[in-house]
Amino acid sequence: DMVRYDAQPAGASLGRFPNGAPELFPFTEPTPGAANPRPPLPELVINEISYYPASNTIGAEFIELFNRGMAPVSLAGWSVQYTSAAGMSTFGATPTQITELPNVSLAPGHYLLIQEAKGSGGTAALPTPDVIDPTPIAMSSVGGKVVLVNRATPLGCNGGLIPCNL
């Protein structure tokens with residue numbers, strides 16, 4: 001077995017959940033000699049994407065975020081990043097593969113709608129987006145990967161041949 005790790009906060013630990021699983025998760029408290037706790041779920045999640053607008057009624061690609069937590073989440077310094085489903089391309093490698101999020105707080109139970117590339121099809125306009133990316137991501141109609149991260153710089157990985165350590 002081999003474990004790769006980066007810096008961690010003082011008093012925290014990295015562990016596998018369930019015990020013996022392949023991935024490491026950050027834990028807020030070390031649990032030596034005991035079963036590892038379930039890692040906390042992220043409050044901010046990708047709730048919905050539409051990547052092929054010609055096949056539906058909406059005329060633009062979009063990414064929708066949702067705050068499923070109990071407290072507001074600041075989006076300052078966050079981004080959504082895209083890469084192809086296969087190959088060596090990496091998340092956020094070009095300006096058209098990364099969307100920086102605005103410096104706003106997303107309230108619990110609220111959504112953030114991000115308009116990406118406009119499609120050639122569709123008969124209805126996207127509801128008024130919260131963010132219109134000036135260098136929009138053009139997601140592939142045959143597959144891709146989208147990641148939400150609390151940084152605005154490219155990840156430099158692709159979750160496949162070039163593993164990500166999120």
Side-chain angles (χ1 to χ4, degrees), residues 2-17 21-29 36-53 60-117 126 129-166:
M2 180 184 90
V3 174
R4 179 176 180 244
Y5 63 92
D6 292 315
Q8 66 188 40
S13 67
L14 296 173
R16 299 171 194 250
F17 184 86
E23 293 185 57
L24 292 175
F25 294 96
F27 297 123
T28 55
E29 293 183 25
N36 291 335
R38 176 178 298 281
L41 293 173
E43 293 179 342
L44 191 61
V45 295
I46 298 170
N47 194 57
E48 184 178 356
I49 65 169
S50 177
Y51 57 87
Y52 194 43
E61 297 179 346
F62 67 87
I63 300 169
E64 179 187 77
L65 306 181
F66 178 66
N67 180 356
R68 66 179 175 190
M70 302 299 287
V73 175
S74 172
L75 302 182
W78 286 67
S79 66
V80 290
Q81 300 185 28
Y82 172 83
T83 192
S84 62
M88 296 299 290
S89 178
T90 58
F91 284 112
T94 69
T96 60
Q97 290 179 293
I98 188 168
T99 300
E100 293 183 29
L101 299 181
N103 185 9
V104 299
S105 286
L106 190 59
H110 284 87
Y111 301 87
L112 184 89
L113 181 58
I114 305 165
Q115 179 179 308
E116 295 294 354
L126 190 64
D130 301 295
V131 176
I132 299 174
D133 188 347
T135 56
I137 296 170
M139 295 181 269
S140 170
S141 63
V142 296
K145 297 179 244 180
V146 177
V147 65
L148 170 66
V149 291
N150 62 352
R151 62 189 268 185
T153 56
L155 285 176
C157 62
N158 64 18
L161 297 172
I162 305 170
C164 294
N165 188 12
L166 299 176

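- Within the model, atoms OG1 of T83 and CD1 of I98 stand 12.0 Å from one another, a figure rounded to the nearest 0.5 Å.
- Atoms CG and CG, on L75 and N67 in that order, are 8.5 Å from each other to the nearest 0.5 Å.
- Counting heavy atoms from C-beta outward, V147 and V80 have side chains that stay 4.5 Å or more apart.
- Between the side chains of S74 and S105, not a single donor N or O lies within less than 3.5 Å of an accepting N or O.
- Side-chain contact check for T135 versus T99: every heavy-atom pair is 4.5 Å or farther apart.
- In this structure, F91 and P154 have side chains that are not in contact, with every pair of non-hydrogen atoms separated by 4.5 Å or more.
- Counting heavy atoms from C-beta on, the side chains of V131 and L112 come closer than 4.5 Å.
- With values rounded to the nearest 0.5 angstrom, E100 atom CD is found 9.0 Å from Q81 atom CD.
- More than 12 heavy atoms of other residues, nucleotides or ligands sit less than 6.0 Å from atom CD of Q97.
- Using a 3.5 Å distance cut-off with no hydrogens or angles, the side chains of N47 and E64 do pair a donor with an acceptor.
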For this session: Would you check, one step at a time, whether the test side chain to side chain contact (heavy atoms under 4.5 Å, CB included) holds for I114 with D130?
Result: CA-CA 6 Å; I114 305 165; D130 301 295; over 6 Å; no

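- You'll find the side chain of F62 stays beyond 4.5 Å of the side chain of Q115, heavy atoms only.
- Expressed to the nearest 0.5 Å, how far OH of Y82 lies from CD of E116 amounts to 11.0 Å.
- Between F66 atom CZ and L106 atom CG the span is 8.5 Å, to the nearest 0.5 Å.
- Contact annotation: the side chain of C157 never approaches that of T90 to less than 4.5 Å [non-hydrogen atoms, C-beta and beyond].
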Exercise. What do the steps show when you test V146 against I63 for side chain to side chain contact (heavy atoms under 4.5 Å, CB included), and what is the final call?
Worked result: CA-CA 9 Å; V146 177; I63 300 169; 3.9 Å; yes

Exercise. So V73 and E43, side chain to side chain contact (heavy atoms under 4.5 Å, CB included) or not? Walk me through it.
Worked result: CA-CA 8 Å; V73 175; E43 293 179 342; 3.4 Å; yes

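- Two residues are said to be in side-chain contact when any heavy atoms from C-beta on lie closer than 4.5 Å; S140 and S84 fail this criterion.
- Taken to the nearest 0.5 Å, the CG atom of L148 stands 7.5 Å off from the OG atom of S79.
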